[in-house]
**Student:** 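Here you go, one structure.
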Amino acid sequence: MLTRRDVLKLGGADGSVLFVRGRAQPSAANTLHKPVGEHPLICPYCATGCGMIAAAQEGKLVNLEGDPDHPINRGQLCSKGEAARGFVESPYRMTKTLYRAPGSDSWEEKPIDWMIREIAKRIKETRDKYWIRQDDDGYVVNRTEAIAFLGGSSNGNEECYMFIKFARALGLNYIEHQARICHSSTVPALGESFGRGAMTNHPIDFKNADVILIEGGNPAEQHPLTFKWIMEAKDRGAKVIVVDPRFNRSASRADVFAQIRVGTDIAFMGGMIHYILENGLYDEYYVKNYTNATLLVDPEFKTATDLDGLFSGYNPTPDNPNEKGVYDRSTWKYQIGEDGYAKRDLTMTDPHSVFQLLKRQYSRYTLPMVSKITGIPEAKLKQIYELFGSTGKVDRVGTITYAMGATQHSYGTQHIRAYAVVQLLLGNIGRAGGGVNALRGHSNVQGSTDHALLYHILPGYMPVPDRKFPTLQSYLEAKTPKRLLPNAPNWWENLPKYFVSQLKAWWPDVDPQISYHYLAKLGPHVGGKPDGSSDYSHHALLHAALAGVLKGMIAVGQNPAMSAANVNMARKALDSLEWLVVLDPFETETAAHWKRPGVDPKNVGTEVFFIPTPVWAEKTGSITNTGLWAQWYEKAAEAPAGTVDEMYFFTKLVEELKKLYAEGGAFPEPIVNLSWPEWSEEQAVAWAKEINGFDLTTGKQVASFTKLKDDGTTAAGNWLYSGSWTEAGNMMARRDSKTDHPAHIGIYPNWAWCWPVNRRIRYNRASVWFDSGQPRDEKRWVIRWNAELEKWEGDVPDGGWKPGTVLPFIMKSDGLGHLFALGLKDGPFPEHYEPWESAVLNPFGQQNDPVCKVWHFKDLDVYGDPKDYPIIATTYRLTEHWHTGMMSRNVPWLLELQPDPFVEVGAELAKQLGIANGEWVLVESARGAVEAVAIVTPRIQPLKIEDEKGARVVHQVGIPWHWGYMGGGARPESAGNALTPSVHDPNCFIPETKAMLVRLKKLDKPPKKIDLNYGVKG
Ligand code: SF4
């Protein structure tokens, strides 16, 4: 007889045992059984990218199970993946197109044709009325600040590409999606360090590591099938270290666990950098040859050791009222020689060399100091530093993996940078089993980022033109970087080819010199609202609505009424819109914001259009997993009658807009001349081919981005994906999971396709000896030079040049990994700062990130004092739930596993507050409150810390953030983001949703559940 616990174990609820169901053995030929209607799918939840096989008859799913041929999950699924059929068959799926008039208390059912016509009218009226041809300073900017596009990282690549083409053609600047609020700090951190802002390796690669440091993530619960590969390494003898505020399920399988005070990870990593340098644990060959340690920095540059936590150039009085300060970064640069290249000292003894500056920067991060800040005992710190530092040898390798616990801080970018600095010192980048491995949350948040649903980039990470560049020529000249070392490949020299090809993909019949003007230009907001800056990011967007600048919004698969930091502010922002279009399979809190608890619909003037959409199993396309594998999935089931496919909706909307603009309007050309395929069931194929790119003279698909040109004869929607759909066919649909690398490192090159150019381990030329091209680690070699055949073997090399010629970090203009960062706003080296809300004083002087952004909108953006809110809090996710809960609380099986919001409270704190296990409590911050069940646990222990106020104990609590006022398990006060602050990292504007101050109070009785009030159900 199985106990409930046994069943939970089988479901992966303890993070250790996963479902293995159905066809556990790989099929003989990796083929699909079409006669019984089998279709390949990729799991719609986390970005591990597990394969599924769906069987359908007469358009209905009859089975959904793990794909036994898939190289990552090999037939297994975690509890969410296993329940995914319940997502398709959820009783809460919406099937009617609904309209809510301003002030109304109910939805009205409307035909889709009427909805599309009305939405097109709203877009045109708003765009025309608030069109900005010239800004306050006279620059031509061709944009509107009155319309926003939001979403959708659960959509496929082809949909995301379609969204961005639509939004850019309208001239929007407010274009954002989930990546801004989850991993946006990863992109500048890894981009600045290595050249590309994405995971360096891939999920299977964890099996190759000797030491795995998990910090700021919890893959046993959030990425269970990625964790499987960490366990595979452990079975082989690897050591697993977990550093986290809670003893979580990853920690339960670790060899070493350290409980850290929330938000002090840079101090922890700074201590590791100090330890590695002091004890000579770094890989000297790698540091000298492959990092910028040898380069000389401007003699005027000062580290944070010299200036009490600040770097040289600080100005505490910026123009922007929401910024705390601003740096003049003119000393954060290399010394340039007469030959025009950066100066280098190969001995690394020059006091201005990056290596010596690094030593100086981290000289304060001693074991006693780090222990006082983090609360981790010195002996434990030493144990971890020794263990991870042991990977600085060629026959040892270590990896660091993380997720939101690392990214969502006011200094999140620098946090990830600290990982990069450690891994560069230890020579762990470019190697099998190494890397800095960002674990992405949404199934396609990598792809949606690649396709640039973000205000500041275009697909393929090209910068959006700024108002300062009035012509294509001036933009390309300014944005194409100059080489800083003679043997640096400086791949971004190719920017003109990619940029012009993108313009030709969008407006093929228009000269690129002209279509350049079709792109909205970045620059300060006109009229100074919401804060006069050039920030159009997620939080700025919401503040623009509050300030009356933003009038209309289209949200696809995104739920800001739950996912934004400080949701009480975000919900008011939605109330301030004139119109809102929501496309989603479920009636989200965003769609229903006007009828939320405590609000009288009469007082909300927002007109809302709700379009119910199919779910992933009812569509075809590709999604890109956290390891950058673009994987094709096939429509398995028919969507319920009444749902509206996103491609159909946007195609018809564009047709309607083209019709309206043919009759005139503000700057009609970008819309009228926009290329757009006709609607068909196969439209995803047309988009995929456009993304890959083709030769306009022959009509043939290009084989890779090396075929793209800047003369207007090629078109490619996203250069990074060139090679994904070539003349040889759809590379993303490949299913060979038997062919591996000769060293069996698990790269499976013929399974799906990986950007760029199907390379599976980025920066892999740093894994070989520079002159010979032979692997430094023979056992786990990634690439090697075959001198006889004069070619590289193994993975696709990161640059195919001969050994001894060019440096390995090809996207950097110096070809080197960056210990010293040149392009960040808050410092060339990571420095420890306290979270904006903190109960502790920073012993290094400067309390907070000196250039972080702190919003102040009336009484909505407010901040707590430790006297009133003495407890440190963090938020996190559960295995059984999914972000804002729409894709899991609406799945009855998952809701049953985790029905109620809860807060984890340490036993000592619970005793102090008189709270017993299972009692309901109120968790309050300065901004809002959550009613939750107290789980009194030894998993969170009190921490001993010390600052100017003396040695003392601090308490922390942890809160999952999935519950809201709509969907299964709805409760009035349950959103974790009601507690979080409106504070941002200065580099990427990610909010600090992982650190805040709260207080706890026992509730007399459980709060009421909400009587579900779903729209007009059929
Ligand atoms: S949620 Fe993630 S780990 Fe779980 S089955 Fe889906 S892709 Fe795999």
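Whatever order the structure lists them in is the order used to number ligands and atoms, beginning at 1.
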**Student:** With a cut-off of 6.0 Å (strictly less than), are more than 12 heavy atoms of other residues, nucleotides or ligands near NZ of Lys207?
**Tutor:**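 Yes.
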
**Student:** Knowing that exactly one of Thr874, Ile940, Ile959 qualifies, which makes a side chain to side chain contact (heavy atoms under 4.5 Å, CB included) with Glu904?
**Tutor:** Ile940

**Student:** Passes side-chain contact (heavy atoms from CB on, under 4.5 Å), Tyr402 versus Leu213? Steps please.
**Tutor:** CA-CA 9 Å; Tyr402 68 94; Leu213 170 60; over 6 Å; no

**Student:** Which atoms of ligand 1 are found less than 4.0 Å from any heavy atom of Gly49?
**Tutor:** 7 (S)

**Student:** Please list, in chain and residue-number order, the protein N/O/S atoms closer than 2.8 Å to atom 6 (Fe) of ligand 1.
**Tutor:**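 Atoms qualifying: Cys43 SG.
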
**Student:** Please walk me through it: do Ser153 and Asn444 pass side-chain contact (heavy atoms from CB on, under 4.5 Å)?
**Tutor:** CA-CA 5 Å; Ser153 54; Asn444 196 36; 5.5 Å; no

**Student:** In chain order, what residues pass the salt bridge (Lys or Arg N to Asp or Glu O under 4.0 Å) check against Arg760, with sequence neighbours excluded?
**Tutor:** none

**Student:** Measuring centre to centre across the rings, with the benzene-like ring taken for any Trp, is Trp687 within less than 6.0 Å of Trp725?
**Tutor:** no

